[in-house]
Amino acid sequence: MFKSNNYKTMVILGSQWGDEGKGKITDYFAQNADYVVRFAGGDNAGHVIVSDGVKYKVTIVPSGILNPKTTNIIGNGTVVNIDKLMEEIDILEKSNVNTNKLLISDRAHVVFEYNQTLDALQEKSKKTRKIGTTKRGIGPTYSDKAQRIGIRICDFADPEFKDILKENFDYHKDQITKIYEDKFDIDFENFYKKQMHNFETIKNRVIDGGQLIQKVILENKKVLFEGAQGALLDIDHGTYPYVTSSNTTANNVSVGTGIHAKLINKVVGITKAYNSRVGNGAMPTELDNEIGERIRVNGNEYGSNTKRPRRVGWLDLVALKYAIRTGGIDELFITLLDVLDAEEEIKLCTSYEYEGKAFDTIPASNNEFGKCKPVFETLPGWKQDITQTTSWDQLPENAKKYLSRISEFCEIDILGFSVGPDRKQTIMIKEEFNND
């Protein structure tokens, strides 16, 4: 039985199709956090953080890494490409970022280069239902996990690791050469030596993540949980099949970190002031016109990892309300509000129309979802620069009305909003987590 009822835990969760600015908000709250924990995804999740005009990009390293006092943990629910992790640590340290307090769960699964090869081959083999994967090997690694043939961080220390790795290696070699009839020119002995070198580099960071996280929560340390991608990309509740390969909602925090769900106090959903999406799949409010291009340019809507242009559209409140329900979201934080500064009118999708019927939620079938027509509510824009705004009171009235309408429709409080990429451009309406 837990002895404390005063936990200081918060989940930062994307509430759309990813790229909502989770890294920025995690970094903001991490300035007052003792621990930041990633619970899902891999190095396909690029988070960009801007501090004092300097831009940092992290993929698998948690976004609390810029605070030298914060311990950052890569949880067991993630999949880790150790090559990329080492590369990222090296880049951060060359930028004078201290990574000594970066830890890795011993139960996290490992992404190998042949997982990446399979990712690309599987995507290529699809005919009409290409997902738009980043080809980082994330899906095949989670597939290995589900098939119980994956390799975890803890396996590297096993006396029989070479045999374990060889079996895994041969299985994937057969898939690549016999099923997809592609070349496989990796020499096992060199591959094995490289993996052991990698493990030697990171082994002092390996811990039992769940045990440590529960311990510090019960000591009333402030613990921030960081999600990857967004709630609408959840493998179970997202817009399947155009989703990621893991559970991205707050429901996965306990599973992806090794603690009990009752230890979570609050879930904050990060929401762009408009919609964006990378890859394929339905997006009813998509803007394929000059307004969409203007929002894309003003919001720098290009993948932080892939540089692919993101699809953009008006904010879909039906999808947002669905994400709030399935994601367990308590409050919203609205990012990139300033991107809408130039718009004369701003639209909000409040329902869908399909075959003459009104829908107030996302249908399960992507085929049906793709045929849904958005029903819009139009609000006046504010037509002024808000990037120097430092409080709610300083916002133009029409910007306040826009945020208030989102809150009213979704029946949820708004925690704050951002008016630019820098940490200093983060404005709280309510104070959470930073108070003792």
Side-chain angles (χ1 to χ4, degrees), residues 38-46 58-61 74-91 102-125 131 133-206 209 228-229 235 244-246 256 305-306:
R38 258 287 291 277
F39 64 86
D43 66 300
N44 59 332
V58 293
T59 57
I60 187 63
V61 173
I74 299 171
N76 63 273
T78 63
V79 290
V80 183
N81 182 322
I82 301 178
D83 286 330
K84 292 294 184 182
L85 174 61
M86 291 163 54
E87 179 183 309
E88 196 164 304
I89 289 171
D90 185 57
I91 291 171
L102 172 64
L103 305 174
I104 309 164
S105 170
D106 53 8
R107 288 170 170 81
H109 280 249
V110 180
V111 182
F112 295 109
E113 56 188 281
Y114 43 70
N115 295 119
Q116 295 174 291
T117 301
L118 272 173
D119 201 353
L121 290 171
Q122 288 170 357
E123 181 76 349
K124 184 179 178 181
S125 72
I131 302 301
T133 172
T134 59
K135 302 179 180 65
R136 298 296 179 102
I138 309 304
T141 305
Y142 276 115
S143 178
D144 286 354
K145 178 179 179 177
Q147 293 183 78
R148 293 161 292 182
I149 59 170
I151 289 180
R152 301 184 295 172
I153 296 289
C154 61
D155 292 328
F156 284 76
D158 192 302
E160 298 179 3
F161 176 66
K162 188 172 185 179
D163 293 335
I164 294 169
L165 184 65
K166 185 64 164 64
E167 187 174 331
N168 188 274
F169 180 94
D170 288 343
Y171 173 83
H172 290 87
K173 180 178 180 179
D174 284 347
Q175 280 196 310
I176 291 168
T177 59
K178 295 179 181 179
I179 296 176
Y180 294 99
E181 299 181 337
D182 203 68
K183 63 181 181 179
F184 188 95
D185 52 11
I186 306 171
D187 176 75
F188 176 73
E189 288 299 327
N190 289 332
F191 178 75
Y192 167 70
K193 290 175 184 176
K194 178 184 177 184
Q195 303 314 312
M196 293 310 297
H197 169 75
N198 285 351
F199 181 65
E200 286 298 316
T201 305
I202 66 164
K203 69 177 185 180
N204 291 334
R205 300 179 184 272
V206 178
Q229 288 87 38
I235 187 70
T244 193
S245 302
S246 61
N305 274 342
T306 64

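Here the structure is a predicted model, which means the values were calculated and not measured. We count residues from 1, following the sequence as given.
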Handout entry: N/O donor-acceptor pair under 3.5 Å between Arg205 side chain and Ile104 backbone
Key = no
Problem - Shortest non-hydrogen contact between Ser246 and Ala40, atoms and distance - result: OG-CB, 4.0 Å
Handout entry: Tyr171/Tyr114 aromatic ring centres below 6.0 Å
Key = no
Practice task
Look at atom NZ of Lys84 and say whether more than 12 heavy atoms of other residues, nucleotides or ligands are closer to it than 6.0 Å.
Solution key: no
Handout entry: Asn44 side, atom CG; Ile60 side, atom CD1 - distance, nearest 0.5 Å
Key = 8.5 Å
Exercise for the section: Count the heavy atoms of every other residue, nucleotide or ligand shown that sit under 6.0 Å from NZ of Lys135, and state whether that count exceeds 12. Expected result: yes
Exercise for the section: Applying side chain to side chain contact (heavy atoms under 4.5 Å, CB included), run through Ile186 and Lys173 and close with a yes or a no. Expected result: CA-CA 9 Å; Ile186 306 171; Lys173 180 178 180 179; over 6 Å; no
Exercise for the section: Could you check if a side-chain atom of Thr117 sits within less than 4.5 angstrom of a side-chain atom of Glu113, using non-hydrogen atoms only? Expected result: no
Exercise for the section: Take His172 and Leu118 through the test side chain to side chain contact (heavy atoms under 4.5 Å, CB included) and record every step on the way to the result. Expected result: CA-CA 8 Å; His172 290 87; Leu118 272 173; 3.4 Å; yes
Practice task
Output yes when a side-chain donor or acceptor of Glu88 lies under 3.5 Å from a complementary backbone atom of Thr59, and no otherwise.
Solution key: yes
Practice task
Any chance you could lay out the side chain to side chain contact (heavy atoms under 4.5 Å, CB included) test for Leu85 and Ile74, step after step, and finish with the verdict?
Solution key: CA-CA 10 Å; Leu85 174 61; Ile74 299 171; 3.9 Å; yes
Exercise for the section: Please check if the side chain of Tyr142 supplies one atom and the backbone of Gly41 the other of a donor-acceptor pair under 3.5 Å. Expected result: yes
Completion exercise
Nearest heavy-atom contact between Ile138 and Gly42 is CD1-CA, 3.9 Å
Practice task
Of all the heavy-atom pairs spanning Thr201 and His197, show the shortest one and how long it is.
Solution key: OG1-O, 3.0 Å
Problem - Aromatic contact, Phe161 with Phe199 (centres under 6.0 Å) - result: no
Practice task
Measure the spacing between CG of Asp163 and CG of Asn168 and express it to the nearest 0.5 Å.
Solution key: 12.5 Å
Problem - Under 3.5 Å donor-acceptor, Ser105 side chain and Arg107 backbone - result: yes
Fill in the blank from the handout: Heavy-atom closest pair (Asp187 atom, Phe169 atom, distance to 0.1 Å) is C-CZ, 4.4 Å
List, one per line, each side-chain donor-acceptor pair under 3.5 Å for residues 148-158, sequence neighbours excluded.
unit_1, atom_1, unit_2, atom_2, d
Asp155, OD2, Arg152, N, 2.8
Asp158, OD1, Glu160, N, 2.7

Exercise for the section: Output the distance between atom OG1 (Thr244) and atom CD (Gln229), rounded to the nearest 0.5 Å. Expected result: 4.0 Å
Fill in the blank from the handout: NE2 of His109 to CG of Asn76, rounded to nearest 0.5 Å, is 8.5 Å
Problem - Over all atoms of both residues, closest heavy-atom pair of Lys145 and Gly77 - result: NZ-CA, 4.3 Å
Exercise for the section: Using the side chain to side chain contact (heavy atoms under 4.5 Å, CB included) rule, take Asp43 and Val80 through it: C-alpha gap first, then chi angles, then the decisive distance, then the call. Expected result: CA-CA 7 Å; Asp43 66 300; Val80 183; over 6 Å; no
Exercise for the section: Run through Met196, Glu189, Gln195 and flag the one making a side chain to side chain contact (heavy atoms under 4.5 Å, CB included) with Lys162. Expected result: Glu189
Exercise for the section: Take the angle between the ring planes of Phe188 and Phe191 and call it parallel below 30°, perpendicular above 60°, tilted in between. Expected result: tilted
Handout entry: Check: Asp83 side chain, Asn81 main-chain N or O, donor-acceptor pair, under 3.5 Å
Key = no
Practice task
Mind checking the OG1-CD spacing from Thr141 to Gln116? Nearest 0.5 Å is all I need.
Solution key: 8.0 Å
Problem - OG1 on Thr177 to CG on Asp185, rounded to 0.5 Å - result: 11.5 Å
